[in-house]
Amino acid sequence: MGDRGIRIHNKLVRLVTSGRLILWVLPLILLMGAWAAIEGRRQQQKRAQAERLLQEGRISEAAEIVREVPGRRAHALRLVAQALDPDQPEPQPSPPLALQGIPWRVLLQQNLEKGRHQALLRLTRLLDRVEEPSVETSLYGAAALLELGRHDQAEARLRRLSADWRGHPMAGRVSRSLQLLARGARTLIRDRNDTLIGYLDADGQLQLLEGIDPSWLPRQLAERLRRHGQAGGLRLTLDLELSRISLASLRGRRGSVVLLDPPSGDILAAVSDSRTLRREKGTTPAFQQRREPASIAKLITLSAALRAGVDIDGEVRSMRCNGTIRYPDGVVWCPVGAGRVRSIERALALSCNTAFAKLGDILGAEALLAEFRRFGFDSGQLNGFPLGRILIPDPEGTQLGNLSIGLEATDITPLHSALMAAIFANQGKMPVPGLIKAETGVLGYSWRRLQRGPALQVIDPIWIPRLQRAMQAVTRQGTAQGIAPYDFPVAMKTGTGRNPGLPFHTNYIGVGPLPRPNIAFSVRITNYWSSKKARYATRTVSRRLLRSLRYQTHSLESAAD
């Protein structure tokens, strides 16, 4: 070593022994460590993003993100993405493959629910190749094969399961579906809560399973199901438990009950007693039976007055009800005889005919008829369901008075009554009713919601609080007082009428529970020759119904969703 080399050597020794070399090297080490941490974090974020895209079904985007990412987990993600892409050849990996940390169970469920059955089957094959065949892959593989119409292979997959796992819910669902398909089922039918209720056979006939009461389902259902029978499965809007308690609330009374989800128009229940069904042969009374609306039409008169800008409070305060209002051609009677009416809330609560007949006179026939048409009268049908009719197109005198209070001049069905109630829980919109919620796969996991069109804006949302307060007065101190449980508050309107030649009938409508109602209801009771007995029967049925509904929190929340 020369003198120069000795000098350099001695200088390095002095730097090392003095610690000054560390001051030079440490920043470089820290910089390299920070870069490595940032790069690791970036790759981790890419892997997480790819996993999220795989769950969303955006396979090509996920594959592109991890294409250049190193590591065993990224390699596994690339293989999973390849398996989920039907346009790519199936991967043929050699075990072991690092699947730890990859949410493959979530991917299995997501692909089943999204109806990506071919991708689901390919994923189960990948998992079987790199791991020991598991319960999950056998179950999801059987489900995918069933949805793809490969029934024998689905049964073979199920046979892989031990006896302990054959009672698993998914295994039971696959096995039950295979049995029904072997029996001749073409389309499996489930209610809104995923309860299997029956199937359409090859002839399009609805076959109900054991334990399903036909009276829980409207007669019109089978005909509507046949229109969508090409699907592997259909999910109804009907809730079997709500249908059961609605029918039970009638308990010997003649009539119909309809329950609706106000935002969507989903028909949750539409039932009638057995005698009404026998009398109304070949029809669905809850959808087609026509009677005059009676005093529930006073809500339409009140809405027309708000639209016309009438000083309702001022007009009503000046009114006095002596039991009659006279016209040149006759008299409109008011059984209330309320004396000084004082307020519109009191007039609606007592159902004073005089007050609303006088409001009708102030409005005139043209404005009042226009309001009835906004509420669906004379519209024919809505999504195939009949709506009410205007029977007297040019009312004058007592006819105008009767139109204002819902007598003689119009008729309405129970379903239309429930749709009318839904307006007051749906920002003034009348929803489009429906019985079928979605087309599904055979197993009911994947489903595509059927579109019905937008709700119809009937009244200004700004009026809803005023109208709800008036309807609450009906339940607090009026004709519906004592019907609703204290822990299930509702807003209601009652009506009692009688079509020529027929016994008395009632229409009770409402929404609840307040302050954010998520169900609209209509109760119609018929066949009483005394108005007092008709009202008593309807109060009894409505009380039973509302007391049962307060315990159906889960079903009502599902309806709101």
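Heavy-atom basis, side chains included; hydrogens, waters and symmetry copies ignored.
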Just by distance, do the side chain of [X] and the backbone of [Y] share a donor-acceptor pair under 3.5 Å?
X      : Y      : answer
Asn193 : Thr195 : no
Asn322 : Thr324 : no
Gln399 : Ala409 : no
Arg275 : Gly252 : yes
Asp203 : Gln205 : no
Arg190 : Leu196 : no
Arg224 : Gly384 : yes
Thr398 : Val331 : no
Asp191 : Leu236 : no
Ser522 : Pro414 : yes

Give a yes or no on whether a salt bridge exists between [X] and [Y], defined as a side-chain N under 4.0 angstrom from a carboxylate O.
X      : Y      : value
Lys437 : Asp266 : yes
Arg227 : Glu223 : yes
Arg173 : Asp194 : yes
Arg253 : Asp273 : no

Original post:
Given the rule in the side chain to side chain contact (heavy atoms under 4.5 Å, CB included) test, do Arg192 and Leu268 qualify, once you have shown the distances and angles that lead to the verdict?
Top reply: CA-CA 8 Å; Arg192 70 178 295 113; Leu268 306 178; 3.2 Å; yes
Quick one: pull up [atom1] in [X] and [atom2] in [Y] and give me the separation to the nearest 0.5 Å.
X      : Y      : atom1 : atom2 : answer
Leu545 : Leu250 : CG    : CG    : 8.5 Å
Thr237 : Ile267 : OG1   : CD1   : 5.5 Å
Thr283 : Leu277 : OG1   : CG    : 8.0 Å
Glu408 : Leu403 : CD    : CG    : 10.5 Å
His505 : Thr496 : NE2   : OG1   : 8.0 Å
Phe385 : Thr284 : CZ    : OG1   : 9.0 Å

If you draw a 6.0 Å radius around [atom1] in [X], do more than 12 non-hydrogen atoms from other residues or ligands fall strictly inside?
X      : atom1 : answer
Glu113 : CD    : yes
Trp333 : CH2   : no
Arg279 : CZ    : no
Gln381 : CD    : yes

**OP:** Verify whether the ring centers belonging to Phe375 and His416 lie closer than 6.0 Å.
**Re:** no
Please give me the minimum heavy-atom distance between [X] and [Y], naming the atom from each residue.
X      : Y      : value
Thr276 : Gly255 : OG1-N, 3.4 Å
Leu363 : Ala308 : CD2-CB, 3.7 Å
Ser446 : Lys114 : CB-C, 4.0 Å
Ile325 : Lys358 : CD1-CG, 3.3 Å
Ala421 : Val511 : O-CG1, 3.2 Å
Ala480 : Thr494 : CB-CG2, 3.9 Å

Under a 4.5 Å cut-off applied to non-hydrogen side-chain atoms, are [X] and [Y] in contact?
X      : Y      : value
Val332 : Tyr327 : yes
Lys532 : Phe504 : no
Thr187 : Leu225 : no
Leu419 : Leu387 : yes
Leu368 : Leu400 : yes
Leu549 : Leu259 : yes
Ile412 : Arg524 : yes
Ile300 : Met420 : yes

Subject >> Trace of the side-chain hydrogen bond (donor to acceptor under 3.5 Å, both in side chains) decision for Gln468 with Gln472 >> reply: CA-CA 6 Å; Gln468 279 192 2; Gln472 284 178 270; over 6 Å; no
Subject >> Reference residue Ser256; test side chain to side chain donor-acceptor pair (under 3.5 Å); the match among Ser272, Ser417, Ser246 >> reply: Ser272
**OP:** Starting from the C-alpha separation in whole Å, work towards a yes-or-no answer on side-chain hydrogen bond (donor to acceptor under 3.5 Å, both in side chains) for Ser295 and Ser351.
**Re:** CA-CA 7 Å; Ser295 290; Ser351 204; 3.0 Å; yes
Subject >> Residues Trp447, Glu439; criterion side chain to side chain contact (heavy atoms under 4.5 Å, CB included); working and verdict >> reply: CA-CA 5 Å; Trp447 52 294; Glu439 292 180 348; over 6 Å; no
**OP:** Any pair with a residue in residues 536-545 that passes side chain to side chain donor-acceptor pair (under 3.5 Å), sequence neighbours left out, goes on the list, sorted by first then second residue, please.
**Re:**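 For residues 536-545, and leaving out neighbouring residues, the side chain to side chain donor-acceptor pair (under 3.5 Å) pairs sorted by first residue read Thr506-Thr538.
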Original post:
On the ring face of Trp216, is Arg244 found with NZ or CZ under 6.0 Å from the centre and within 45° of the axis?
Top reply: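 Arg244 over Trp216 ring: no.
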Subject >> Verdict with reasoning, Ile245 to Gln552, per side chain to side chain contact (heavy atoms under 4.5 Å, CB included) >> reply: CA-CA 10 Å; Ile245 67 172; Gln552 299 301 312; 3.8 Å; yes
**OP:** Hey, could you give me each pair passing salt bridge (Lys or Arg N to Asp or Glu O under 4.0 Å) that has a residue in residues 290-314? Not counting sequence neighbours.
**Re:** Arg290-Asp411, Arg307-Glu371, Asp313-Arg466
Subject >> Side-chain donor-acceptor pair present, Glu280, Gln289, cut-off under 3.5 Å >> reply: yes
Subject >> side chain to side chain contact (heavy atoms under 4.5 Å, CB included) evaluation trace for Ile197 with Leu217 >> reply: CA-CA 10 Å; Ile197 67 174; Leu217 309 173; 4.2 Å; yes
Let me check something: any side-chain donor-acceptor pairs from residues 422-434 under 3.5 Å, sequence neighbours excluded? List them with distances.
| unit_1 | atom_1 | unit_2 | atom_2 | d |
| --- | --- | --- | --- | --- |
| Asn426 | ND2 | Pro262 | O | 3.4 |
| Asn426 | ND2 | Lys429 | O | 3.2 |

